[in-house]
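One structure, as structure tokens, below. Some questions next.
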4 protein chains.
Amino acid sequence: MFSQIDPRSPIPLYEQIATRIRVAVAAAELRPGDALPSVRGLAKRLRVNPATVVQAYRELEGDGFVEMRQGAGTFVREIGPALRTRARADQARRLVRAVLEEAAVLGLNGQEIMGALQSELGEKV
Amino acid sequence: MFSQIDPRSPIPLYEQIATRIRVAVAAAELRPGDALPSVRGLAKRLRVNPATVVQAYRELEGDGFVEMRQGAGTFVREIGPALRTRARADQARRLVRAVLEEAAVLGLNGQEIMGALQSELGEKV
Amino acid sequence: MFSQIDPRSPIPLYEQIATRIRVAVAAAELRPGDALPSVRGLAKRLRVNPATVVQAYRELEGDGFVEMRQGAGTFVREIGPALRTRARADQARRLVRAVLEEAAVLGLNGQEIMGALQSELGEKV
Amino acid sequence: MFSQIDPRSPIPLYEQIATRIRVAVAAAELRPGDALPSVRGLAKRLRVNPATVVQAYRELEGDGFVEMRQGAGTFVREIGPALRTRARADQARRLVRAVLEEAAVLGLNGQEIMGALQSELGEKV
DNA sequence: GTGGTCTAGACCACA
DNA sequence: GTGGTCTAGACCACG
């Protein structure tokens with residue numbers, strides 16, 4: 001579940017780790033109250049520096065997804081509707097920025113992406 | 001034509017510049033053989049570092065869009081059918097579908113992505 | 001009396017335990033000479049590590065509130081007038097004034113602090 | 001302005017740095033668009049590791065106070081009303097947690113702080 | 001054992 | 001020059 005990480009990817013290691021956990025939470029593989037792997041344990045398994053895992057966990061904590069408790073571990077938070085909305089918006093923004101960067105490399109601008117998105121959503125309505 | 005650049009965008013300045021020129025070429029505002037603005041002139045107009053414009057031009061040269069001739073300037077090259085308008089729309093759609101798949105994995109719907117995209121593009125206006 | 005402990009609070013568990021006992025002493029629920037619950041018994045009841053209870057008791061011993069006797073247990077000591085209810089209210093007021101000053105420096109008003117305090121305390125209920 | 005940092009304080013260095021900048025922004029010493037000191041420059045001046053300054057700046061970025069732009073620097077953000085509300089709530093929460101921790105050390109519980117705050121605010125109304 | 005913080009120093013992308 | 005990321009390893013507080 002946490003075994004796939006690619007050090008050669010342009011995506012920062014800590015982002016890859018954070019994304020895996022976001023997906024696991026979204027898929028309900030990790031439920032509120034569940035403990036995440038320990039910082040050192042996951043670092044060892046992924047063969048990365050513990051500080052890198054800490055960076056991933058801190059990002060998730062900032063998003064309100066998890067809670068780090070000294071001496072106890074890191075746990076998936078019970079989140080209310082208000083926080084959930086904010087967390088979802090954060091995730092959507094993250095995805096959009098990523099696609100805009102990719103688009104720029106390919107020479108596409110935001111309006112073109114917007115147009116494609118509209119027609120894509122329109123088709124499904 | 002080259003007046004819109006946003007230093008606050010998450011997209012690197014040189015990518016923004018390169019994109020504008022690609023769009024201009026695709027839209028036939030710039031035709032094969034036409035000269036691009038001089039590096040220093042464009043840098044001054046956009047209030048960016050000349051090195052940033054050079055980086056944009058180098059990327060375009062690497063893509064085969066333009067040709068930099070020592071002492072003469074930078075010129076639009078002949079372009080094949082690969083990057084015409086239709087092809088651009090295809091690329092945009094491909095990106096959009098990819099991001100929608102990612103979003104679905106995270107439990108986000110198209111409307112949330114649309115909202116994030118609008119606010120991201122809106123900030124630049 | 002010792003049943004309310006919140007592992008999600010930002011306040012360390014051992015501080016929460018020590019606080020409850022200080023309050024009980026101040027409220028005269030525990031009188032000088034009374035025995036505190038045994039370390040293991042309290043740890044089991046609160047579902048915390050015995051070492052955590054020991055840490056709480058040690059802090060109270062350091063403050064002169066209790067006395068740990070080898071093989072016998074932990075007992076409430078005679079307490080002076082310094083930590084009576086009135087003194088406690090004074091301390092609380094001093095802390096509150098300090099935080100309100102800090103808040104003012106940051107441009108926050110008392111209502112905002114009140115709101116944050118309520119939500120912080122509310123989460124524990 | 002950024003010269004006072006205390007390595008012996010129990011408050012983490014990065015928190016001390018972040019707080020100074022929050023205060024400077026609240027006091028309008030730093031206005032939207034202003035550049036913060038460079039990571040390396042501030043680190044050298046304060047005699048701390050650049051990573052420590054980065055941690056402070058990242059926290060501020062997470063709060064929406066500043067924006068870090070690769071190759072350009074770190075700048076105070078122009079923030080809208082929605083973000084401002086959230087940022088203020090974040091600050092209030094931070095202060096409240098700090099005072100609750102202090103209170104716990106002194107043996108005071110949240111209700112006592114709440115009571116003192118209510119009477120303190122009540123007196124001023 | 002757990003996470004929290006900090007240092008020293010590396011390499012990379014961007015302006 | 002700027003920030004972005006990562007490593008290796010230290011010491012501390014908490015359970």
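Quick note on labels: first sequence line is chain A, next is B, and so on, each numbered from 1. Computation of the quantities below employed the complete heavy-atom set of this structure, encompassing side-chain atoms and omitting hydrogens, waters and symmetry-equivalent molecules.
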Q | Annotated protein contacts, base or backbone, on nucleotides 8-15 of chain F with a non-hydrogen cut-off under 4.0 Å, one of B, S, - each | A | B----BBS

Q) Rounding to a whole Å, what distance do you find between Leu60(D):CG and dG3(F):C1'? A)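 After rounding, the gap between these two atoms is 15 Å.
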
Q | Nucleotide dT2(E), atom P - distance to OH of Tyr57(A) in whole Å | A |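 From Tyr57(A) OH to dT2(E) P: 11 Å.
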
Q: Could you list the residues that satisfy side chain to side chain contact (heavy atoms under 4.5 Å, CB included) with Arg69(B), not counting sequence neighbours?
A: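 Per chain and number, Arg69(B) pairs via side chain to side chain contact (heavy atoms under 4.5 Å, CB included) with Glu67(B), Ala72(B), Phe75(B).
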
**Q.** For atom NZ of Lys44(A) and atom P of dG1(E), their distance in whole Å
**A.**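 After rounding, the reported distance stands at 9 Å.
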
Q) Just how far, in rounded Å, is P of dC6(F) from CZ of Arg8(A)? A)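 Answer to the nearest Å: 15 Å.
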
Q: Could you tell me which residues satisfy side chain to side chain donor-acceptor pair (under 3.5 Å) with Gln55(D), sequence neighbours excluded, listed by chain and number?
A: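 Here no residue qualifies.
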
Q) Excluding sequence neighbours, so at least two apart, what forms side chain to side chain contact (heavy atoms under 4.5 Å, CB included) with Glu15(B)? A)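 Side chain to side chain contact (heavy atoms under 4.5 Å, CB included) list for Glu15(B), sorted by chain: Ala104(A), Val105(A), Ile11(B), Pro12(B), Arg22(B), Glu59(B).
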
**Q.** Strand DNA chain F in bracket notation, Watson-Crick/G-U under 3.5 Å with | for pairs to another chain
**A.** ||||||||||||||.

Q) What's the CE-C1' distance between Met68(D) and dC12(E), to the nearest Å? A)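 Rounding to the nearest Å, CE of Met68(D) and C1' of dC12(E) are 15 Å apart.
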
Q. CZ of Arg69(A) versus C1' of dG1(E): gap in Å, rounded?
A.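 That distance rounds to 15 Å.
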
Q) Counting any heavy atom closer than 4.0 Å, what does Arg58(A) reach on the DNA or RNA strands: base, sugar-phosphate only, or nothing? A)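 Answer is sugar-phosphate: Arg58(A) comes under 4.0 Å of backbone atoms only.
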
Q | Residues which pass side chain to side chain donor-acceptor pair (under 3.5 Å) with Asn49(C), listed by chain and number, not counting sequence neighbours | A |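 Result, side chain to side chain donor-acceptor pair (under 3.5 Å) vs Asn49(C): none returned.
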
Q. Are the side chain of Glu120(C) and the backbone of Val96(D) linked by a donor-acceptor contact shorter than 3.5 Å?
A.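 Absent.
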
Q: Write down the atom of Gly41(A), the atom of Ser38(A), and the distance for their closest heavy-atom approach.
A: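 Nearest pair, atom of Gly41(A) first, then Ser38(A): N-OG, 2.9 Å.
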
Q) Residues two or more places apart in sequence or in another chain: which of them pass side chain to side chain contact (heavy atoms under 4.5 Å, CB included) with Val39(A)? A)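 Listed in chain order: Pro50(A), Val53(A), Val54(A), Tyr57(A), Met68(A).
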
(Q) In this structure, how many angstroms lie between the P atom of dT2(E) and the CD atom of Glu67(A), rounded? (A)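 The answer, rounded to whole Å, is 18 Å.
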
Q) Any side-chain N or O of Thr74(D) less than 4.0 Å from the OP1 or OP2 oxygen of dT2(F)? A)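 Result: no.
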
Q.
Restricting to side chain to side chain contact (heavy atoms under 4.5 Å, CB included), what partner residues turn up for Arg31(D), sequence neighbours left out?
A.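 Applying side chain to side chain contact (heavy atoms under 4.5 Å, CB included) to Arg31(D) gives Ala28(D), Asp34(D).
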
**Q.** Whole-Å gap separating P (dT5(F)) and CD (Gln16(A))
**A.**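 Atom-to-atom, Gln16(A) to dT5(F), this comes out as 12 Å.
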
Q.
Asn109(A): which residues meet the side chain to side chain donor-acceptor pair (under 3.5 Å) condition with it, sequence neighbours left out?
A.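 If we apply the side chain to side chain donor-acceptor pair (under 3.5 Å) test to Asn109(A), skipping adjacent residues, there are no hits.
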
Q | Given DNA chain E, 5'-ward residue of the pair Ser38(A) and Arg47(D), judged by closest heavy atom | A |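 Nearer the 5' end of the strand: Ser38(A).
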
